[in-house]
Number of protein chains: 2
Amino acid sequence: MATGRDVAQLAGTSTAVVSYVFNNGPRNVSPATRERVLAAAAELNYRPNALARALSFGRTSTIGLIVPDIANPYFGELARALEDAAMERGELLLIGDSSLDPERERRHIAAFVERRVDSVVMVSLLDEPDFAAFEQASIPVIALHPIADDAPAASLTIDYELAARAAAAHLVAHDFDSIGLLNGPAHSVGAGQHRRGFLAAMAEAGRELRHDERNSGTSRADASAVSLRWLAEPERPRAITCATDEQAYGVLHAAYLLGLRVPQDLAVIGFDGTEHSEYAVPPLTTVRQPIRAIAARAIELVAEAAAEPADGADFTRVRELAGHELIVRASCGCAEG
Amino acid sequence: MATGRDVAQLAGTSTAVVSYVFNNGPRNVSPATRERVLAAAAELNYRPNALARALSFGRTSTIGLIVPDIANPYFGELARALEDAAMERGELLLIGDSSLDPERERRHIAAFVERRVDSVVMVSLLDEPDFAAFEQASIPVIALHPIADDAPAASLTIDYELAARAAAAHLVAHDFDSIGLLNGPAHSVGAGQHRRGFLAAMAEAGRELRHDERNSGTSRADASAVSLRWLAEPERPRAITCATDEQAYGVLHAAYLLGLRVPQDLAVIGFDGTEHSEYAVPPLTTVRQPIRAIAARAIELVAEAAAEPADGADFTRVRELAGHELIVRASCGCAEG
DNA sequence: CTGAAAGCGCTTACAG
DNA sequence: CTGAAAGCGCTTACAG
């Protein structure tokens with residue numbers, strides 16, 4: 001592949017000028033030589049080597065993204081929104097998929113540090129992700145979920161407890177007398193938030209109410225298997241609110257297999273609110289996360305932090321909250337009121 | 001961030017030795033100095049700079065992936081399978097999402113060339129993707145869809161025509177008398193393959209049969225909108241076979257909105273066969289692509305090509321076919337025979 | 001406006 | 001077994 005030297009030679013100038021032309025600076029180039037350089041570059045199919053550029057420039061113009069599960073459409077949508085926001089700033093988004101495997105997450109962290117990404121957006125599998133490698137490399141990180149107050153990273157997230165409460169309260173308001181929570185893994189931080197929100201709504205009901213919690217992984221397969229057992233019990237819930245849309249799809253599938261009609265026999269609410277939720281059968285009532293707003297703000301924060309390394313300490317104090325929205329559709333049977 | 005020089009200084013040795021230690025070669029290092037280097041590296045949190053390494057080594061240990069739409073679970077699953085295969089070979093997979101936008105695809109191609117990925121796996125939005133930039137940079141590319149015979153890339157793909165015929169033939173065999181094809185954009189190469197397979201099955205039916213084709217984008221939203229109009233017509237089909245699972249989900253949604261029961265009033269078949277298809281309501285009959293096998297083979301081919309640049313000409317002649325499999329579930333009403 | 005040269009952080013023949 | 005030095009392909013003060 002042609003190098004800047006080759007171009008300089010063909011254009012009868014120096015590599016410095018080639019660089020000035022391709023970067024529009026930092027020095028001016030006369031129109032005539034600029035023409036010659038461009039012509040030579042075109043003839044040789046010259047593509048600047050981004051590795052060499054980054055090595056001497058000190059920035060890679062690259063943002064790393066780590067997601068737990070790219071096959072989950074929520075993270076697919078999130079990745080797309082982040083890439084849109086990154087591209088607008090001329091940054092490339094590198095996507096690392098942890099495949100629900102903590103070891104994978106660790107490897108992506110290492111790979112991003114070694115490749116010197118300018119900054120990182122992270123959705124960790126772990127309750128206490130290990131930010132140490134990024135911290136040592138002075139790479140700013142923003143987590144899109146709650147993190148410890150003293151964690152060396154920023155965070156931007158909805159208030160899961162409040163959002164979970166809103167979903168459960170919706171079911172309470174519509175007089176269901178037996179409400180279930182299909183939560184994530186029982187001891188995770190995220191499950192604790194959903195549980196607290198759910199229980200708060202139950203406590204506020206002001207009437208007798210049976211309620212119950214079950215736990216499953218985030219996959220449809222797992223959620224379906226758990227729901228199949230749950231819904232076969234004599235005391236099965238009349239309504240179920242879930243910690244993710246994926247789990248809600250599993251509930252819908254289990255209900256189908258058992259011949260339960262949704263919403264007539266079972267009301268269902270999801271959580272996350274991807275575009276796909278509108279096309280579920282029946283369309284899914286869900287709590288929508290403002291994915292595009294979160295993505296745009298996350299990239300903005302992280303790009304600023306990368307540009308002003310001096311403010312690193314301030315950046316790791318950032319704890320921003322985004323709003324959520326309950327979208328009422330057919331799956332909970334309350335769409336008309 | 002600490003450099004190899006810092007480590008060498010602290011360990012009282014040279015940068016060459018640091019490199020030998022971290023790469024296990026190409027020269028031996030005495031156990032004593034190796035210890036000292038490792039200790040110094042640990043103390044300084046040394047992480048080799050992959051950019052500098054790649055620049056001098058001439059390889060980035062990186063494979064680029066371009067997909068049309070990462071929010072489509074099929075490509076999510078594909079990306080995951082490819083990353084698994086890449087990691088097994090110690091390569092990092094960089095994922096570029098074209099967001100159904102050809103301009104985006106072009107930018108990813110440019111970014112991959114500039115970053116000097118060792119090779120590329122590509123699912124293009126376009127019928128005739130532009131491989132020129134990769135060819136000029138001598139970067140081997142494998143497309144996971146059919147490409148022109150003289151295209152400067154390898155390809156590995158199922159036989160879409162055969163697979164589409166199998167799906168349609170299944171409906172023919174089960175005596176549906178009015179069968180529709182919900183195809184992709186009418187004039188694309190892919191739509192042509194689905195159409196030929198579909199029409200072949202119709203021709204082989206050996207009886208009177210109404211059939212019809214409609215076209216939609218790959219999104220659920222678009223497929224649902226098109227289906228809504230189609231299924232409201234008096235001559236609506238009794239069965240629909242689709243070019244993608246995403247479109248089939250759109251059909252299921254439209255049927256739901258119109259109060260049509262699947263499969264009693266309308267049989268539906270998808271195409272691609274992601275894990276999610278099993279959890280549709282009702283579970284989706286679909287043509288499964290062997291995603292993991294395709295991913296493993298694609299990475300194998302591309303890694304070999306990158307290792308032996310001499311065989312570049314041979315590599316671009318590779319046109320491999322993978323098998324497909326019809327998975328019969330409830331959505332076509334034929335699950336019991 | 002332009003060129004010669006140092007430097008980014010590695011790897012690897014070349015000497016010893 | 002180890003060190004000094006050249007080179008990978010850029011960018012950018014430093015001179016002119």
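Since the structure is predicted, the reported quantities are computational estimates derived from the model, not experimental observations. Sequence lines set the chain letters: A, B, ... in the order given, protein chains first and strands last, and positions in each chain run from 1.
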Closest non-hydrogen atom pair, A:Leu92 against B:Ala111: CD1-CB, 4.0 Å
Base, sugar-phosphate, or nothing for A:Thr3, non-hydrogen atoms under 4.0 angstrom? sugar-phosphate
Any residue meeting side chain to side chain donor-acceptor pair (under 3.5 Å) with B:Thr60, in chain and number order, not counting sequence neighbours: B:Asp118
Is it true that A:Glu300 and A:Arg297 have a side-chain N and a carboxylate O under 4.0 angstrom from each other? yes
For C:dC1 and A:Arg27 - does any side-chain N or O of the residue sit under 4.0 Å from the phosphate oxygens OP1/OP2? no
Is atom CZ of A:Arg89 surrounded by more than 12 heavy atoms (other residues, nucleotides or ligands) closer than 6.0 Å? yes
Hey, is the side chain of A:Ser56 poking within less than 4.0 Å of OP1 or OP2 on D:dT11, counting only N and O atoms? no
Can you list, in residue-number order, the parts of residues 30-44 of chain B that come under 4.0 Å of DNA chain D, counting heavy atoms only? B:Ser30, B:Thr33
Relative to the 5' end of DNA chain C, which residue comes earlier, B:Leu51 or A:Ala16, by the nucleotide with the nearest heavy atom? A:Ala16
Identify whether any heavy atom of B:Asn49 sits under 4.0 Å from a base atom; if not, whether one sits that close to sugar-phosphate; answer base, sugar-phosphate or nothing. sugar-phosphate
Is B:Tyr46 touching bases, backbone alone, or none of the nucleic acid, heavy atoms closer than 4.0 Å? sugar-phosphate
Answer yes or no for A:Arg53 and A:Phe57: cation-pi contact, defined as NZ/CZ to six-membered ring centre under 6.0 Å and angle to ring axis within 45°. yes
With respect to the phosphate group of D:dG3, does any side-chain polar atom (N or O) of B:Thr15 fall under 4.0 Å of OP1 or OP2? no
For B:Glu114, check salt bridge (charged side-chain N to carboxylate O under 4.0 Å, His left out) against everything at least two apart and list the hits. none
